[in-house]
> 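Sharing a structure below in structure tokens format, with a few things to ask.
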Amino acid sequence: MRKPIGPEPGGTGAAPGAPGDEARGKDPTPLSTVVRVRSLLPSLPPAERRVAQRVIDDPEGVANSTITELAQNCGTSETTVIRFCRAIGFHGYPELRLTLATEAGRAQTASGGRVIGSDISPDDSLEQIVEKVTFADARAVEETASQLDIKMLEQVVDAVVAAERVDVYGVGASAFVAADFQQKLHRIGRVCSAWADAHIMLTSAAVLGSGDVAIGISHTGATVETIDALEVAKSNGVTTVALTNFPKSPIAEVADLILTTAARETTFRSGATASRLAQLTVVDCVFVGVAQRTYGPTRKALEATYEAVRGRTVRPDRRRR
């Protein structure tokens with residue numbers, strides 16, 4: 001399986017300011033450590049997961065805590081805290097504290113000193129709800145873009161361009177993203193279908209061949225229907241692609257290529273909106289990449305489809321006055 005998007009534990013991209021950041025040619029984004037910890041959360045052992053959750057919930061508080069205080073607050077040992085630090089790519093706890101403090105300061109500067117959470121409380125006004133939802137949505141898109149592995153994206157674009165057929169699988173909110181991708185590819189003349197029914201997903205995967213691509217979309221990476229469809233497709237020699245928020249989730253085991261988002265599920269599932277927007281961001285990047293590679297045919301297809309529907313808009317003389 002190829003490497004997923006995002007820095008791997010122990011890799012050079014472990015901490016902002018590390019050599020890996022210079023190699024990538026871009027500055028780390030605020031709270032990039034929290035984004036990475038959130039993506040690895042489900043794959044951590046229970047004790048380390050408690051430490052991870054504390055980092056996610058209160059990164060500034062962790063930055064101001066000693067290793068003993070953090071271990072006590074999480075009901076675990078200092079050894080577990082050190083293991084957690086190494087699991088997410090740091091040499092030890094001092095490096096994690098310094099990085100979290102730096103990122104928290106940078107985030108406050110970027111937001112003008114305001115601290116905007118994305119969790120919605122019962123006492124929030126409608127104005128506060130709007131601010132929190134839009135903040136969560138904007139951060140999901142920004143953080144997804146910042147951790148997008150261009151080399152992995154390029155491999156996905158290559159696979160889609162070369163594919164005779166592309167089938168996209170997703171259930172629930174992910175089904176809407178799958179349908180959006182299908183509509184985009186279909187409009188530029190690519191053979192693409194999107195499926196949300198578990199049985200149809202399996203029958204679709206069963207008739208795909210080695211020249212095809214199967215894409216599974218799942219925020220959690222644990223949706224059984226999507227995983228099963230990708231597994232059947234993979235057994236037929238199909239190139240499989242996963243789009244998920246968690247690079248070490250079960251769907252990664254059946255995917256040749258993995259694209260990840262960076263969105264957080266929050267109170268009242270406002271994060272479901274954020275995750276969908278993050279998925280759409282990645283889908284748009286893949287689509288534009290494919291369109292660019294097939295520039296001539298794509299322009300002709302877009303012009304033809306535009307002409308086909310242009311007459312279906314309401315004429316000015318029919319509008320209400």
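Only this structure's heavy atoms are used, side chains among them; waters, hydrogens and symmetry mates stay out.
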> Restricting to salt bridge (charged side-chain N to carboxylate O under 4.0 Å, His left out), what partner residues turn up for Arg312, sequence neighbours left out?
none
> Can you confirm whether Val55 sits close enough to Leu100 that some side-chain heavy atom of one is under 4.5 Å from a side-chain heavy atom of the other?
yes
> Side chains of Ile215 and Phe181: closer than 4.5 Å at any heavy-atom pair?
yes
> Got Ser218 and Ile227 here, is their nearest side-chain heavy-atom distance under 4.5 Å?
no
> Not counting sequence neighbours, which residues clear side-chain hydrogen bond (donor to acceptor under 3.5 Å, both in side chains) with Ser65? List them please.
none
> Which residue pairs satisfy the salt bridge (charged side-chain N to carboxylate O under 4.0 Å, His left out) criterion with at least one member in residues 39-57, sequence neighbours excluded?
Glu48-Arg83
> If you take all heavy atoms of Thr226 and Gly170, which pair is closest and at what distance?
OG1-CA, 4.1 Å
> Under the salt bridge (charged side-chain N to carboxylate O under 4.0 Å, His left out) rule, what pairs show up with a residue in residues 157-177, not counting sequence neighbours?
Asp158-Arg293, Arg165-Asp167
> Does Lys184 have any salt bridge (charged side-chain N to carboxylate O under 4.0 Å, His left out) partners at least two apart in sequence or in another chain, and if so, which?
Asp180, Asp284
> Could you see if Val238 belongs to whatever hydrophobic cluster contains Val232? Use Ile, Leu, Val, Met, Phe, Trp, Tyr and a side-chain cutoff under 4.5 Å.
no
> Salt bridge (charged side-chain N to carboxylate O under 4.0 Å, His left out) with Glu127: which residues, sequence neighbours excluded?
none
> Which salt bridge (charged side-chain N to carboxylate O under 4.0 Å, His left out) pairs, counting each pair once, include a residue from residues 185-206, with sequence neighbours left out?
none
> Only counting residues at least two apart or in another chain, list the ones meeting side-chain hydrogen bond (donor to acceptor under 3.5 Å, both in side chains) with Tyr295.
Arg299
> Under 3.5 Å, which donor-acceptor pairs do the side chains of residues 67-75 form with other protein atoms, sequence neighbours left out?
residue : atom : partner : partner atom : Å
Thr68   : OG1  : Glu78   : OE2          : 2.6
Glu69   : OE1  : Thr66   : N            : 2.9
Asn73   : ND2  : Glu69   : O            : 3.1

> Tell me the salt bridge (charged side-chain N to carboxylate O under 4.0 Å, His left out) pairs involving residues 218-246, sequence neighbours left out?
Lys234-Asp256
> For Asp124, check salt bridge (charged side-chain N to carboxylate O under 4.0 Å, His left out) against everything at least two apart and list the hits.
Lys132
> Which residue pairs pass the ring pair (Phe, Tyr, Trp, His ring centres under 6.0 Å) test with at least one member in residues 225-264, sequence neighbours excluded?
His219-Phe246
